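Position 1 is the first residue of the sequence, and the numbers go up from there. Quick caveat, the model's predicted, so the values are computed rather than measured.
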Amino acid sequence: MQKLFFFFISAIALPVCITAQTDPVIETNYNPHKLFAPLFYPAGGTISRAATGEPNVGYWQNKADYQITASLNDVTHEITGSVIITYKNNSPHALPFLWLQLDQNLFNKNSRGQARMPLNSRSRYGDSKNSFDGGYKITAVKNEIDNSNADYIITDTRMQIRLPKVLKPGGDVIKLKIDFSFTLPQYGADRCGILPTKNGDIFTVAQWYPRMCVYDDVQGWNTEPYLGPSEFYLEYGDFDIAITAPASHIVVCSGELQNPADVLTAEQQKRYNEAKASDKTVMIRTDKEVTNAESRPKATTLTWKFKINNARDVAWASSKSFIWDAAKINLPSGKTALAMSAYPVESKGKDKWSRSTEYTKGSIENYSKRWYEYPYPVATNVASNVGGMEYPGIVFCGSTAETDGLFGVTDHEFGHTWFPMIVGSNERKYGWMDEGFNTFINSLADDDFNNGEYKEAPRNMEYTARNLFGEGSEPIMLTPDAMKEYNIGNCLYFKPGYGLELLRNEVLGANRFDYAFKEYIRRWAFKHPTPWDFFRTMDNAAGEDLSWFWRGWFMENYKLDQAIVSVKYDNDLPANGAVVTLANLEELALPVNISYETKSGKKGTLKLPVEVWNNTAVWKVKLPVTEELKKVEIDAERAFPDFDFSNNLWKAQ
């Protein structure tokens, strides 16, 4: 064996000043050992979650089925209901108590969420000056099996039920019956509310019944309070819903209508069935019929019944002002679903909600083809005073949205079917796993819909970078509640969505990325992934250790600044080629796209992998030219969020 010589070089605290031969001194904040450190994943695989990022042989998940009856008083705005929850403990643990979510309690004046409303500015999630005092009135909590009263306490937006005997592991079942009522707020944190229209109020109802908290293998009971920004983490189950409303109302809900003959006129039933077979939008109730009493059955109230299976939630809307239309959705398997829209006459128009069903149908068909087939029988878009909010099989969007704005919000809210309705991540903690992933798939849908009718213009990347990484910006890996509200758009939506675009377009390529991303959806459909499950799946399915990217882009708030330091000819002879000295000046690293042009007009490009930065902040690359250069540029296509493009271009003097 040859004798080995070891050289020890002491580490230098950053920022570092580097001298490269005769090049000027380069000051950089980049530390390759920090970005490319190998110890990224906190632990290996477990019996429930494999190191590959997939559910392991011991993965388990509890189940919650709901049978709900409710009635709407459209004068007092009160909703009165009863829910029977059938909860199955599939975990390996005995459960001496259960936790439920009571999200309407956010609107109690003494709630934690109201306490954190800003004094001098309006929040999307509430208003400190609002005098509304809502929340649940719980009148009974019983064990449905023996009709005994439950032992329970309510803490803000949570209810704990203390069981007289443990719920045994491995499949034990309990049935709970809870009677409740609440007054629907006019503006419920942009998730539910009441929109006045000239033909009647539109009631959009969500977070409206007591729901089980998730008990999982990661945290046990997930009991984070509902404060407004952080959304939801829910178990999957089957839903049977009965909603009683004034007979003048149309009611739309998650799931499929079970009793159309009881709640529709004969003509509406005929049109409803026509729509199920039509690729073109069919009017079930026209704008002229909204004010015609003959467009509703003669009764005082009617009860609408719906069912949806393997869902994590349900929501609904009710109004006497609804125009109602629908069309068939064609799915890759040959199955069909029904796209529907419900909106007031004020929202009618060829550039407005009259195209809503077309947008809904296009969105569902596109995502079903690209990623995973739509699992529900109906997809309903409701015009409301909610700017945009998603639930299984139904979404609420702003009633004044039109053209690209209406397409965008419709496509975004139905994109949430995949994240988090199918892939059931924990939105209370990791809002970027639904908003960011959805923003990413929306970016492709903009190109796909109607031959790019609403294709977005190229971004101004200099402006984008300063928004992403400027003063006051925050990392992605924060709970939504812990972010500054002005950062939510960047940290939850744009930055993670754009990060996936970078991986797809500049690091992995579309083929490798799409394969891995679809594998993630397939593995975790109707299950509960963590960020680590996503990271591991992408690494394994794409065959790439991306921990440097997960660390810099998601865990930290590192910014990018690639620069050209110098361009020199080999031995000062252009015929020998040109050597370009590059520097990475900030904490993040990405591949380098170089383009160049010679004085005679010949052009060329080079793409350097990110690995050129894994042990240095300065890199030299030789361009295969045989004449003088006119210019050399990094990222001429503006694909990367470079914080300073002024140092990306070299021009001959």
Chemist: Answer yes when Lys320 and Asp201 have at least one side-chain N-carboxylate O distance shorter than 4.0 Å, and no when they do not.
Modeler: no

Chemist: Under a 3.5 Å threshold, yes or no: a donor from one side chain and an acceptor from the other, between Asn143 and Ser148?
Modeler: no

Chemist: How close do Ala383 and Tyr343 get, counting heavy atoms only, and between which atoms?
Modeler: CB-CB, 3.6 Å

Chemist: Does Arg211 make a cation-pi contact with Phe232, if we ask for NZ or CZ under 6.0 Å from the ring centre and within 45° of the axis?
Modeler: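 Judged by the rule, Arg211 and Phe232 form a cation-pi pair.
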
Chemist: Within a strict 4.5 Å, meaning less than it, do heavy atoms of the Leu264 and Trp324 side chains meet?
Modeler: yes

Chemist: For a 4.5 angstrom cut-off between non-hydrogen side-chain atoms, does Phe203 reach Leu184?
Modeler: yes

Chemist: What verdict does the side-chain hydrogen bond (donor to acceptor under 3.5 Å, both in side chains) test give for Asp65 and Tyr87, after you've listed the backbone C-alpha separation in whole Å, the side-chain angles of each residue and the deciding distance to 0.1 Å?
Modeler: CA-CA 7 Å; Asp65 298 331; Tyr87 185 68; over 6 Å; no

Chemist: Determine whether Ile194 and His77 satisfy the following criterion, side-chain contact (heavy atoms from CB on, under 4.5 Å), listing intermediate values before the conclusion.
Modeler: CA-CA 9 Å; Ile194 306 166; His77 303 169; 3.3 Å; yes

Chemist: With sequence neighbours excluded, what pairs up with Gln101 under the side-chain hydrogen bond (donor to acceptor under 3.5 Å, both in side chains) test?
Modeler: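 Per chain and number, Gln101 pairs via side-chain hydrogen bond (donor to acceptor under 3.5 Å, both in side chains) with Arg428.
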
Chemist: If you apply the rule side-chain contact (heavy atoms from CB on, under 4.5 Å), what do you find for Val205 with Cys192, and how did you get there?
Modeler: CA-CA 5 Å; Val205 187; Cys192 58; 5.7 Å; no

Chemist: Suppose we screen for ring-ring contact (aromatic ring centres under 6.0 Å, His included). Which residues come up paired with Phe396, at least two apart in sequence or across chains?
Modeler: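 With neighbours one apart ignored, the set is Tyr391.
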
Chemist: Tell me, please, which residues at least two apart from Thr155 pass side-chain contact (heavy atoms from CB on, under 4.5 Å).
Modeler: Arg112, Ile153, Arg158

Chemist: Could you point out which residue of Tyr233, Trp99, Trp221 forms a ring pair (Phe, Tyr, Trp, His ring centres under 6.0 Å) with Tyr215?
Modeler: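 Passing option: Trp221.
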
Chemist: Are any of the side-chain heavy atoms of Asp151 and Ile161 separated by less than 4.5 Å?
Modeler: no

Chemist: Does the side chain of His249 pick up a donor-acceptor pair with the side chain of Ser318 at under 3.5 Å?
Modeler: yes

Chemist: Regarding Thr357 and Asp325, do their side chains bring together a donor and an acceptor under 3.5 Å, going by distance alone?
Modeler: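 Note: Thr357 and Asp325 side chains meet the donor-acceptor criterion.
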
Chemist: Heavy-atom distance under 4.5 Å between the side chains of Thr417 and Pro392, does that happen here?
Modeler: no

Chemist: May I ask you to decide whether Lys352 forms a salt bridge with Glu346, counting only side-chain N to carboxylate O separations under 4.0 Å?
Modeler: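 No, this pair does not count.
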
Chemist: Between Asn89 and Ser91, do the side chains contain an N or O donor and an N or O acceptor separated by less than 3.5 Å?
Modeler: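 Ser91 and Asn89 do have a side-chain donor-acceptor pair below 3.5 Å.
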
Chemist: Strictly by modelled atom types, are Asp533 and Thr530 linked by a side-chain donor-acceptor pair under 3.5 Å?
Modeler: yes

Chemist: Of all residues at least two apart in sequence or in a different chain, which pass the side-chain contact (heavy atoms from CB on, under 4.5 Å) check with Gln219?
Modeler: Asp216, Asn222, Glu224, Lys429

Chemist: Is there a donor-acceptor contact under 3.5 Å linking the side chains of Asp313 and Tyr209?
Modeler: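 Distance-only check passes for Asp313 and Tyr209.
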
Chemist: Please work out whether the ring planes of His93 and Trp60 are parallel, tilted or perpendicular, with thresholds of 30° and 60°.
Modeler: perpendicular

Chemist: Quick check: do Pro229 and Ile488 have side-chain heavy atoms less than 4.5 Å from each other?
Modeler: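 In contact.
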
Chemist: Do Met212 and Ile85 make a side-chain contact, defined as non-hydrogen atoms from C-beta onward lying under 4.5 Å apart?
Modeler: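 They are in side-chain contact.
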
Chemist: Look at Asp190 together with Arg124 and state whether they make a salt bridge at an N to O cut-off of under 4.0 Å.
Modeler: yes

Chemist: Quick check on Lys142: does its NZ atom have over 12 non-hydrogen neighbours (other residues, nucleotides or ligands) under 6.0 Å away?
Modeler: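 Counting neighbours around NZ of Lys142, more than 12 heavy atoms of other residues, nucleotides or ligands fall under 6.0 Å, so yes.
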
Chemist: To check you understand the geometry: which heavy-atom pair defines the closest contact between Ser230 and Pro480, and what is its length?
Modeler: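 For Ser230 and Pro480, the tightest heavy-atom pair comes out as OG-CD, 3.2 Å.
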
Chemist: Assess whether a salt bridge exists between Lys88 and Asp172, defined as any Lys/Arg side-chain N lying under 4.0 Å from an Asp/Glu carboxylate O.
Modeler: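 Judged by the 4.0 Å cut-off on N to carboxylate O distance, Lys88 and Asp172 do not form a salt bridge.
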
Chemist: Quick one about Tyr367 and Asn442 (side-chain donor to acceptor, distance below 3.5 Å, no hydrogens or angles considered), yes or no?
Modeler: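 Per modelled atom types, Asn442 and Tyr367 side chains form a pair under 3.5 Å.
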
Chemist: Any side-chain heavy atom of Leu338 sitting closer than 4.5 Å to one from Glu256?
Modeler: no

Chemist: Is Glu289 salt-bridged to Arg271, going by a charged N under 4.0 Å from an acidic O?
Modeler: yes

Chemist: Sort and list the pairs that fulfil ring pair (Phe, Tyr, Trp, His ring centres under 6.0 Å) and have at least one residue in residues 278-319, not counting sequence neighbours.
Modeler: Trp208-Trp316

Chemist: May I have all residue pairs that pass salt bridge (charged side-chain N to carboxylate O under 4.0 Å, His left out) and include part of residues 360-381, sequence neighbours excluded?
Modeler: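 As it turns out, the salt bridge (charged side-chain N to carboxylate O under 4.0 Å, His left out) pairs with a partner in residues 360-381, which skip direct neighbours, are Asp279-Lys361, Lys361-Glu365, Arg370-Asp448.
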
Chemist: Counting only heavy atoms not in Lys348 (residues, nucleotides, ligands), do more than 12 fall under 6.0 Å from its NZ?
Modeler: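 No, not enclosed.
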
Chemist: Hey, are Arg312 and Glu427 close enough for a salt bridge, meaning a charged N less than 4.0 Å from a carboxylate O?
Modeler: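 Result for this pair is yes, salt bridge flagged.
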
Chemist: Side-chain donor-acceptor pair under 3.5 Å between Thr244 and Ser71, yes or no?
Modeler: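 Judged by distance alone, the side chains do not pair up.
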
Chemist: Pick out which of Ser356, Ser363, Ser341 makes a side-chain hydrogen bond (donor to acceptor under 3.5 Å, both in side chains) with Asn381.
Modeler: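 So, applying the side-chain hydrogen bond (donor to acceptor under 3.5 Å, both in side chains) to Asn381 and each of Ser356, Ser363, Ser341, only Ser356 qualifies.
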
Chemist: Specify the closest pair of heavy atoms between Lys63 and Asn90, including all atoms of both residues, with the distance to one decimal.
Modeler: N-ND2, 4.1 Å

Chemist: Would you say Asn199 and Ser321 are linked by a side-chain donor-acceptor pair, where the criterion is simply a distance under 3.5 Å?
Modeler: no

Chemist: Evaluate the side-chain proximity of Glu435 to His412: yes if any heavy-atom separation is below 4.5 Å, no if none is.
Modeler: yes

Chemist: Around Lys307, counting heavy atoms of other residues, nucleotides and ligands shown, do more than 12 lie under 6.0 Å from its NZ?
Modeler: no

Chemist: Tell me whether the rings of Tyr374 and Tyr376 are parallel (<30°), tilted (30 to 60°) or perpendicular (>60°).
Modeler: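 Taking Tyr376 first and then Tyr374, their aromatic rings stand perpendicular (interplane angle over 60°).
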
Chemist: Could you report the tightest heavy-atom contact between Asn259 and Lys305, atom names first, then the distance?
Modeler: OD1-N, 3.0 Å

Chemist: Any side-chain donor-acceptor pair under 3.5 Å between Ser111 and Asn105?
Modeler: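 Short answer, no.
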
Chemist: Kindly determine whether Phe517 and Phe419 satisfy ring-ring contact (aromatic ring centres under 6.0 Å, His included), including the steps that lead there.
Modeler: CA-CA 12 Å; Phe517 198 61; Phe419 310 99; 5.6 Å; yes

Chemist: If you apply the rule side-chain contact (heavy atoms from CB on, under 4.5 Å), what do you find for Ile284 with Glu267, and how did you get there?
Modeler: CA-CA 8 Å; Ile284 300 173; Glu267 181 62 26; over 6 Å; no

Chemist: Show the nearest heavy-atom pair for residues Glu390 and Asp434, with the distance to one decimal.
Modeler: OE2-OD2, 4.0 Å

Chemist: Once the angle between the rings of Trp524 and Tyr59 is folded into 0 to 90°, is it parallel (under 30°), tilted (30 to 60°) or perpendicular (over 60°)?
Modeler: perpendicular

Chemist: Between Lys276 and Thr336, do the side chains contain an N or O donor and an N or O acceptor separated by less than 3.5 Å?
Modeler: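 On atom types as modelled, these side chains do not qualify, holding no pair under 3.5 Å.
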
